[in-house]
Every structure is written in C-alpha cells, then in structure tokens.
Amino acid sequence: MLWVNNIEVVYMEVILVLKGVSLEVHEGAIVSLLGANGGGKSTTLKAISGLLKPEEGEVTDGNIEFNDIRIDNKGPEDIARMGIVQVMEGRRIFEHLSTEENLKAGAHIRGDGSSLKHDLDMVYNYFPKLRDLRHSTSGYLSGGEQQMLVMGRAMMANPSLMLLDEPSLGLAPLLVQEIYNIVLRINSEEKTSILLVEQNVRAALSIATYGYVMENGKVVFDGEAEKLRDNEDIQEFYMGLSHMGKQKSYREVKHYKRRKRWLG
Amino acid sequence: MMIVETVIYGLVVGAVYGVVALGFVLIYKSSSVLNLAQGSLLMLGGFICLQISQWLPGGVWFFILAVFITLVIATLIGFSVERLALRPLIGEPLISVIMMTIGLNVLLGGIGYAIWGSGNFPYPTDIIPIGSVSILGTPISYKYIFSLIIALLCVVFFILFFQFTRSGIAMRATADDQLAAQSLGISTSQIFRYAWAIGCITAAIGGIIIGFLIGLNSYNTPVLGLRVLPVVLLGGLDSIPGAIIGGLIVGVTENLAGAYLDPIVGGGMRDLFPYILIIIILMVKPYGLFGWVRIERI
Amino acid sequence: MHNPCGVFNETYEQDLAIFRTKTQWGLLIGAIIIAFTFPLFLNSYILGVLIQIFATIIILHGLNILTGYCGQISLAQAAFAAVGGYTSALLSEWALGAALPEWFPGIFNFWITVPIAGLTAGAIGVLFGIPALRLRGFYLVMATLAAHFIIIYIIVHTIGTQAQTLPAPHLFGLLLNNSQSYYYVVLVALIALSYVAKNLVRTRFGRAWIAIRDNDLAAEVMGISLFRYKLSAFFIGCLFAGLGGALWAHYTRSITPEYYHLTYGLWYLGYIIVGGMGSALGPFFGASFLIILTQGLAEVISALSGTFYGIESYLSAAREVLFGLVVVLFMILEPRGIAHRWNLFKAYYRLFPYAH
Ligand SMILES: Nc1ncnc2c1ncn2[C@@H]1O[C@H](COP(=O)(O)OP(=O)(O)OP(=O)(O)O)[C@@H](O)[C@H]1O
Ligand SMILES: [Mg+2]
C-alpha cells in the first residue's frame, strides 16, 4: 500500500538528511524502522505524512506512493485525509484540552458526527485508563497516559496506515509491553497497517513482520523480522548482545574488522 | 445610590469591552497574534453598518439586514487581512507581527478617516426604543440593556462554539500545537482564516454597539481598541471567560475611579485607570489573571 | 550617512583605490563635511526637516537599543521624548521666573537643561522598567502602552494642555534662534550620540542586551543580571528619547502634549523596523526614508491643492495610509529593513561582478 521510492530529503535547502531511502509497507503489515539517533527515521516518517513542509524540509528526489497515488508533494492535511496519520515523537498532546477533547480533535477530518461516540468507545476499549481520565486536562496526564492518548487520538482519524514514532520513549518496560500489545491488537482488529520507528530494537522486532535499519540517511539492512533478530550485526550493534564463549577472542578480532563496515 | 448606578453602568460598559476583547482573544488563541488593529476594525465595522443602513430604507428590519451585510463584509475583511498581511509573517519574530498589526491599524484608520472624515456619527435613534428600566432604583436606558444582551449572547455563543463544536476544538488544538494539529489533518491556514474572520466579526459587533452607545468617530473609536488591551491582558490573552471577566472588572473599576478619584486628582481617571490597573496586575501576575503560563525551557 | 546616495558618489570617485575600511572612513568624513555645509545652500524649510530627522534619529537610537538590541518592545518612546521636552521647558521657565541670584538663571541654560532632561527621562524609564522586568512579549508591550498613557496623563494634569514655550540656546554670546544655527547644534549632538550608541552596543552591556534579547532565560542562567541589564537598557533607551525630545522641543520653541501623541510612539517603532532593527544604521535609514516620504507627500498634496479643491483636508489621512502601507509592505517584503538591503548592496558591490 505504501511505496517509498529512493527518496532524498533536504532541510532548509541545504541539509541533506535522507540519501535515497526506499521501503514498502504492505496492507496489514507491521513494519519497523530501526537505527541509531539522527539516522533519519523521523525524517522518513515526516516525508511520508507531509509534515516536512512546516519544518522547511522537502523531498527533492524519488517519490512516495500510497495506494498508487503520489503523495510526496501533498500537504499534511491531504495526506491525513487519505488515511495516513503520524503519531509524532515526544507525545505532542494538546495540553490545554481535556483528554476527550484531544480525541475529538483527532476525529476532525472525519466530519461525521454520528460515529464519534462509537469511535470514542473503541478508543476507550483499547485504553481503559483514558476513560477514567476523559475530563481531566491532558497536560497533567503521566507520560504513559499521554502516549496512550496520542495513539488513541490518531486512531480517531480512522487511518489505514499509522506512523508511530518511538512510542516506547521514556516508558517503563512493563508499560512498553502493554503498549506493544495494544499496537498488535489495533493491527489485527482494526486492520491498520503500522510503520513503527523504534530505538528499542528487541521490542520492535518482537511484533514487527518486517524491518528496515537506517543509518546516516540510508537503509543499510532490511529483511523479515526473524532474520533481523538472528542477524549477528543487528544483535551486536542494536541489541547490545555479544557472543560469549571460547570464540570470544577470535570474535573480537573479527568484530573489529566488521564494525559497521557498511558505513565505509 | 450613586455607587449602585456607577457599578451598573460599569458592568454595561464592561460587557462591551468584553465583546471587543473576545476578538483579540480569539485571534490570539488560534494564531498567537495580538491584533493591535482591532480598534480600526471596530471603527470600520461600525461605519460600514451605518453607511449601509443609510443606503437602505429606514426601519428595524432593514437595519438588521444592514447588520448582516456588515458581518459578511467583516468576514471578507478578515479573510483578506489574514491572507495578505499575516500569512507572509508565519515564522517571523513577535515584533514583526506586532508592527504589522500596528501598520494595519494606521492604514485602516487612515482609510476610514479619508472616507468618513473627522465628524461624530451617532447611530439612528429609532432602532432601539428610547426609555429606561429601573434596576435597583437606578434607571438604565434601553440601549444599555440591549448592548448588555448582545454582549452576553456573543460570549455564550463563543464559549459553546469553542467547547463543543468540531471547528472550535480544532482551533484550540491548533493554538496548543500547530504541528500536531496538522498531523491530524487539521488545516492550520484554514484555522487562521477563520480566527481572523471571527475576530473581525466581533470587532464589527463591538463597533455597532459603540455606535449605539456613544456614536462613531474616526479619531476616537480606533483608540477604544487600545482601551480594550488592558481588559485582554487582565483576563489573560488566551482565556475567553477571562476576556469577559476582565471586561467587567475594567468597566466597573474605571467607572468607580471616574466617580470617586476624579474629584481628587482633577479628572481623566476613567481613561487612565485601566492602565494603572494593568501595571499593578502585571507586577503581581505577569500572565494576567487567567492566562496560560508558558512553560519555558532553555 | 543621512544622505547615502549623494555622498556615495563623491567618495567613490575619490577613494576608489583605497581599502574598504578607509573607504568607510572616507564616506563618514565626507558625509560629515557635507552635512556641515548644508546650511550654506539649503533653505530653512529643508533645514527644519533635517533637524526633525536628526532629532528623530537620536530618539530612535534609544529605541533601537531598547527594542532592537535588548528586545524590549516599547510603545512609550514618544512619552519619554515628552518627558525630555517638558523637563527642559519647565527648568528653563523656572530658572527665569524664580527669585534666583543674577548669575543663576544663566547656568540653567539650554546646555544644562537638555542633559538634565535626558537624565530625567532615563530615570523615569527605569521606574517603568521595574514592572517590566518580569514581562515578556505582548505583556511587556502592554506595560509600555500603560506607561505612555500614565506619563501623558501626568503631564496633562500637572502642566496642562496649553503650549509651553522654550528659549533658544545661546553660545558664546550668539543667539541660536534660527534653523541655520540650530541645525549645527542638532548635527553635533547627532554625531556625538550616534558615536555613543554605536559603541555602547559593543561593550559588555551591548553583549548582555543581545543575550537577553535572544533568550532572557538562558542569559540569566549564564549569569547575566536581568535586573541590571534590562534596566540599563531602559535607562539608555529613555535617555536618548529625552535628549532627542528636548532638542526637538528647543527647535519648535513651543510644545503641547499633542506633540507626543501615542501615534508617534507607534511611528518610532515603524521607523526602526523599516530602517532595520538592531543595526546602527537602521535609525538613519528609517527616519530619513519615512520623514522624507511623508514630507514629500505633504508637498505633493499642497501642490495639488490648486487643482483639486479641498484636497488638503485629506493630508493627515493620506499620511497615515502611506505610513501604514509602507510598514505593511516592509513587513511582507523586507522584514529586516533597509539596513539589511544596504548590507546586501555593499556585499554585492564589493564582490562585483561575482555573485559570491
Ligand atoms: N527541521 C530540521 N532542520 C534541520 N535539520 C533537521 C531537522 N530535523 C532533523 N534534522 C536533522 O536530520 C537528521 C535526522 O533527524 P531525524 O529526526 O530524522 O533522526 P532520527 O533517526 O529520528 O533520530 P532519533 O532516533 O534521535 O529520533 C539529524 O541529523 C537532524 O539534525
Ligand atoms: Mg526521531
């Protein structure tokens, strides 16, 4: 459903951030986008959702197609209307609005008032905590509750593709697990495809079907989630595992040579 | 009984301030622009309505028609001001925005002055019946009652609008976080356009009320726009109820100051007191009584 | 300086082969020399306009420091100019009227009252700067607006709305009561004060102001005392306003509160924006451009008044429309003002014929 075709992104007409990124997300898939800080993951999401424009960024090469329609020169409103909603990094709730008003703002593009109640119930069903907090000012919610709120808010737009940027940022492991379970449920029950950006590689690969690894504005690895999980480079550089045992010294020599050789 | 009378008149004047202050707050809330051109918009709205009503045959119904036409024109003015003047300034620093609205104020004021000259223009007296009702033993003329009702209607309307409608919530969301609003498909440029339209509409309503109360004047009416600034800041720049409460406080205190301080200091206190009040309030509460305290990080 | 085009041509031919810095020196000295010869061939009307421009530039230097460098947007500059004008007027009057020793009124002359006027305006500026310490953005704008109204109120209610007269200055026994002679007073003041203003922003004060403008919270955390530096900006800004206001008042020789209407406070802000905020040249460009433009408009309208009967009554409206239009257009097309264009032009000229 989503094709990102060799795109190049430039900020403020000078800062080249993405240098030819390609990826695809199929109907109903959970695809995760991994990589070190500053690799360009958020930029890729913003290129897809059209939010580059307000930040003075631009797709200068390549193209992005969603359901066979080119979207790389459309504004964020149009793209959201087509069914792609991004949940931005850093829990950007509308802090002076109540929880329920935040959710209503999420349903803005829908316009049909009749299903609003139904959708609110659906979100509260996924995130029961939000129901109890629905009249409180969202600025005072805890970090975890705010993360649930922004995800619920995005669901209110009834997207066919949800772009999630680091939903686990700063959350306790148990809560991360909870959020991920909900992501899985949303994917299977609402038939929403998901493109998930994560630092938490292990967690991301545990729910994803396919993964891409980005570094310095390029995709350096991609493959089925299982393959990535078993890949030694990924394990060493992104999951922090190292291979213990008698081969250790030999490994270390080899490791030295192998260190991120794809960067060279 | 003097004090009762003073307070009641203060409340009426305060309600009018409240309506005009609403225009400021609405524009500020959705686009973070303090519109210093509100005074000229006020004057233009009042004059346009008067002019149209003079072209139409007399009578209450035609006057109401004139009001509606005025509101349509005000909407168009709002759209064009936003498009031509404010849109190019997105991302520019505060001073540019302030200066732009000051420039607009001077420009629109000059245009009004060029068209209508410097005279005093009272509104027709046959629209609102002459006479008064007695409140707590004080006669209050109908035009004040009428102004109060219109002001309260506006307030209730906008509170409901922002609390319960789709566009109202979208406008508040945009005020909170533009980028997040865009990510949800809310068109911020559309929101700004609406905010300016609403701001101009409230200005026009304010201008019409002022026309009934004291008449219009191309020199003094724009200054009334500045007079409302203490009201806005008192209530806090982003609070709708704050605009109204601020309006009432300023209306009452300036009337009291006029009644009780003028004999001591020799006049003029009514005009000055709001500014003294605002200095005192800002020293104690730098974000007004109900304004959002911006959380700042380095 | 105040007349860049003409001056530029002169020295361009003379100093073509000299270093850039020397070119600048040449430009400066050339401009000053030419400015000194103006009274020899310009009539008093034009000299009057020049005096107005110079006094305005002095006032704008203050606003430029306060708003352009320290970031404290002020609408009250006209009121502080009023403080200057009225202080000098009252001091002169008091010295004449009071039962003072024979020699004493002579000491309270122009050369003393004008600096006192400046200091008074500065002190009152500090007074209003104190509530402004914690304020930012629109809230500060509001406080300065309140300051304007309060100051004008006090003037109206203690001194009154009737015209206040001021004496012309004496120098070495000469009475400087015409445009030709008074022009030199204002010109020298302008040169000295421009020098002070330009150098102030390069001291530790200037650096602290800029830090406060760019981020007052960060500046404070870095150890810059907001109290000290914000108030010093208010002091300097209002000092210049007082000096400029007093100099102008001694030229018109008669002032009323109408001379210091809020409109002028707004216009001053417009001048520095059009000229270029936070640039030492901004006040020169802004005041010259806009004052010449509005004076030109007045000329055009009075020239047309023969053919179009009653057109003069539109003068003040037309002036407002023109001013508003210029400000609005500048905000849209060149928010950084003429000074920025001037820098671009200089760079272009220096690098010609290459683009970079
Ligand atoms: N608005 C912008 N203007 C200029 N440069 C930007 C902008 N946004 C991001 N960048 C630069 O683009 C690069 C990639 O940023 P991006 O936010 O896409 O990284 P990321 O992979 O999401 O990192 P993280 O995991 O830390 O969130 C960074 O070097 C960043 O400095
Ligand atoms: Mg990121």
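With a 4.5 angstrom heavy-atom cutoff, C/F128 touches chain B only via side-chain atoms. At a 4.5 Å heavy-atom cutoff, C/L333 makes no contact with chain B through either its backbone or its side chain. Only the side chain of C/Y153 comes within contact range of chain B, with at least one heavy atom under 4.5 Å from a heavy atom of that chain. Using a 4.5 Å cut-off between heavy atoms, C/V141 touches chain B through its side chain atoms alone. In this structure, the portions of C/I150 lying under 4.5 Å from any heavy atom of chain B include both its backbone and its side chain. In this structure, chain B has no heavy atom under 4.5 Å from any part of C/T263. Contact of C/L75 with chain B is made through the side chain alone, with heavy-atom distances under 4.5 Å.
Applying the ring-ring contact (aromatic ring centres under 6.0 Å, His included) rule to C/Y229 yields the partners C/F205; only residues at least two apart in sequence or on another chain are considered.
For residues 103-112 of chain B, heavy-atom neighbours of chain C at less than 4.5 Å comprise B/G103, B/L104, B/V106, B/L107, B/G109, B/G110, B/I111, sorted by residue number.
Atoms CG and CG, on C/L145 and B/L233 in that order, are 9.0 Å from each other to the nearest 0.5 Å.
Between chain C and the residues B/G117, B/A114, B/P230, B/P88, the most heavy-atom pairs under 4.5 angstrom are made by B/A114.
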Test C/V327 against B/M100 for side chain to side chain contact (heavy atoms under 4.5 Å, CB included), laying out the working first.
CA-CA 7 Å; C/V327 168; B/M100 174 57 99; over 6 Å; no

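Other residues, nucleotides and ligands contribute only 12 or fewer heavy atoms inside 6.0 Å of the CZ atom of C/F227. For B/R83, the CZ atom is loosely surrounded, since the number of other residues' heavy atoms within 6.0 Å does not exceed 12.
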Listed pairs under 3.5 Å, donor-acceptor, residues 265-280 of chain C side chains, sequence neighbours left out:
residue, atom, partner, partner atom, Å
C/S279, OG, C/L281, N, 3.2
C/S279, OG, C/G282, N, 3.3

Can you list, pair by pair, the side-chain donor-acceptor contacts under 3.5 Å of residues 269-283 of chain B, counting residues two or more places apart and other chains?
residue, atom, partner, partner atom, Å
B/R270, NH1, B/N255, OD1, 3.2
B/D271, OD1, B/R227, NH2, 3.2
B/Y275, OH, B/L226, O, 3.4

